[in-house]
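Report on the following structure.
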There are 2 protein chains.
Amino acid sequence: MASADPGRPGFQLPLLLLAGFRTLIDDLHAELARQGHPELRPLHGFVLQAVGVDGTTATELGQRLGISKQAAGKTVDRLVAVGYLDRVDDPRDARRRVITMTPLGVDGLRRSAEIFDRLRERWVESLGPERVDALEDDLRTMAAANWFRLDVPGWFGS
Amino acid sequence: MASADPGRPGFQLPLLLLAGFRTLIDDLHAELARQGHPELRPLHGFVLQAVGVDGTTATELGQRLGISKQAAGKTVDRLVAVGYLDRVDDPRDARRRVITMTPLGVDGLRRSAEIFDRLRERWVESLGPERVDALEDDLRTMAAANWFRLDVPGWFGS
DNA sequence: GTACCATAGTCAACGTGGTTGACGAAATAG
DNA sequence: CTATTTCGTCAACCACGTTGACTATGGTAC
């Protein structure tokens, strides 16, 4: 009979994936805070990445993040308030308000990328490069394929 | 120079971990809904597991989940409202209100465990047992060790 | 050129999962 | 008996998401 024993195999996998994600994110933001970006919240790095160096609009950002344009707009509000993003009118289409990164935003994104690289290096040091590659390949197989394309990610929600 | 290219190695890892977690959780709840538990939300399975067959209290549940007792209480409210949990007075300590699972809660938890087992089986079929074991081992090494004990988990939060 | 439709952004209301602070009631230590 | 601790709850708030409605603008068909 099936019990709810937490030692059951099935329960471990989601917990471990979540734990892995959380440790990376927590480490990232601890380090970001240390490097002068204490305002950056867990999702903000992903949002900055989705905005990109070329800028975007609220609607397009929502599509990239897999959330509604309203939710995207609210997140942009917050990041504008803390100085990471800017909204400028599009002279060629008065409906659009183009979202761009400020120099602070660019710095935060650059540091996020560097810190993530360094954290991955830590995994490589502990596990060896083959294991980390295998882990990524396997996750790509199981998750990315039937969920989203990683360059246009959608996270959370439900 | 460090760009924000999403193809950079460091960015992939957290995204893939999150994607893996999300696909498991999404599949779980799609299947749970099909099996008569459409009310169960993503975190509820973990909450049920944390309540356990012996029951617990709001304060203790909060500690197990790594959240405040108030937040735990609110989640219990919702699960009581949809019939998965019960609150009963403790005759030996009038301050305590013991949280227990209803038969519906037990059924939901049992099905969650079974579905998780089956989903892990799918991973094993696709990747092979060694790869899945390696993945879990590696995640345990990198994440679980310095974050939480899996039998007394704390998730989310910020 | 005017009607019509699609699109961009915003507002409002709401849901959910968290937080902190305060507080009453009950248990416990002295 | 008094002082302290603990349990549960209330209230206010925040972050992040949703849907529906609405305005303004742009593009297209006639």
Side-chain angles (χ1 to χ4, degrees), chain A residues 18 21-22 25-26 29 38-48 50-51 55-82 84-100 153-158, chain B residues 18 21-22 25-26 29 38-48 50-51 55-82 84-100 153-158:
Chain A
L18 180 56
F21 174 71
R22 284 267 341 233
I25 295 297
D26 289 352
H29 287 90
E39 308 276 17
L40 243 26
R41 307 285 308 123
L43 311 93
H44 292 171
F46 295 124
V47 175
L48 289 179
V51 170
T56 183
T57 65
T59 298
E60 191 185 338
L61 181 61
Q63 288 168 349
R64 289 189 191 174
L65 296 176
I67 62 179
S68 65
K69 61 182 180 178
Q70 296 95 324
K74 283 198 223 176
T75 301
V76 171
D77 287 344
R78 288 176 211 115
L79 282 169
V80 168
V82 292
Y84 285 82
L85 294 178
D86 242 346
R87 257 196 266 247
V88 299
D89 290 339
D90 184 339
R92 301 188 306 199
D93 186 341
R95 295 170 306 176
R96 302 177 79 224
R97 308 203 59 201
V98 179
I99 298 154
T100 58
W155 23 66
F156 306 118
S158 120
Chain B
L18 180 56
F21 174 71
R22 284 267 340 234
I25 294 296
D26 289 352
H29 286 91
E39 308 276 17
L40 243 27
R41 307 284 309 121
L43 312 94
H44 291 170
F46 294 124
V47 174
L48 289 178
V51 169
T56 183
T57 65
T59 298
E60 190 185 339
L61 180 61
Q63 288 167 349
R64 289 188 190 174
L65 296 175
I67 61 179
S68 65
K69 61 183 180 176
Q70 295 95 324
K74 282 199 224 177
T75 302
V76 171
D77 286 345
R78 288 178 208 116
L79 282 168
V80 168
V82 292
Y84 285 82
L85 293 178
D86 244 345
R87 260 196 263 249
V88 299
D89 291 338
D90 183 340
R92 300 189 306 199
D93 185 340
R95 294 169 307 175
R96 302 177 79 224
R97 307 203 58 201
V98 179
I99 298 155
T100 56
W155 23 64
F156 305 116
S158 109

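Per chain, numbering begins at 1; letters A, B, ... match sequence-line order.
With C/dT10, C/dG18, D/dG8 as the choices, the nucleotide that has an atom nearest any side-chain atom of B/R96 turns out to be D/dG8. When each of D/dG17, C/dG9, C/dG17 is scored by its nearest atom to the side-chain atoms of A/I67, the top-ranked nucleotide is D/dG17.
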Going 5' to 3' through nucleotides 22-30 of chain C, assign each nucleotide B (protein heavy atom under 4.0 Å from a base atom), S (under 4.0 Å only from sugar-phosphate atoms) or - (no protein heavy atom that close). B---BS---
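In this structure, A/H44 places its NE2 atom 13 Å from C1' of D/dG17, rounding to the nearest Å. In this structure, the CG atom of B/L85 is 16 Å from the C1' atom of D/dG8, given to the nearest Å. For A/I99 and C/dA8, the CD1 to P distance is 12 Å, given to the nearest whole Å. Taking atom CZ on B/F46 and atom P on C/dG17, their separation rounds to 13 Å, with Å as the unit. Computed from coordinates, the B/L43 CG to C/dG15 P distance equals 18 Å when rounded to whole Å. In this structure, B/Q63 places its CD atom 11 Å from P of D/dT6, rounding to the nearest Å.
Using a 4.0 Å cut-off, some side-chain N or O of B/T57 falls inside it from OP1 or OP2 of D/dG8. Using a 4.0 Å cut-off, no side-chain N or O of B/R87 falls inside it from OP1 or OP2 of D/dC7. For the pair A/T59 and C/dT7, the criterion of a side-chain N or O lying under 4.0 Å from OP1 or OP2 is not met.
In this structure B/R78 satisfies the salt bridge (Lys or Arg N to Asp or Glu O under 4.0 Å) test with no other residue, sequence neighbours excluded. Contacts of A/A72 classified as side chain to side chain contact (heavy atoms under 4.5 Å, CB included), with partners at least two apart in sequence or in another chain: A/L61, A/I67. Here B/D77 pairs with B/R87 under the side chain to side chain contact (heavy atoms under 4.5 Å, CB included) rule; sequence neighbours left out. Applying the side-chain hydrogen bond (donor to acceptor under 3.5 Å, both in side chains) test to A/T59 and every residue at least two apart in sequence or in another chain returns nothing. With sequence neighbours left out, the side chain to side chain contact (heavy atoms under 4.5 Å, CB included) criterion links A/V88 to A/V98. Residues meeting the side chain to side chain contact (heavy atoms under 4.5 Å, CB included) test with A/Q70, sequence neighbours left out: A/S68. Residues forming a salt bridge (Lys or Arg N to Asp or Glu O under 4.0 Å) with B/D86 (at least two apart in sequence, or on another chain): none.
Side-chain atoms of B/L85 and B/L48, non-hydrogen and from C-beta on, do get closer than 4.5 Å to each other.
Here A/R97 does not pair with A/D90 in a salt bridge; the nearest charged N to carboxylate O distance is not below 4.0 Å.
Remark: A/A71, A/K74, A/T75, A/R78 in residues 71-82 of chain A come within less than 4.0 Å of DNA chain D through at least one heavy atom.
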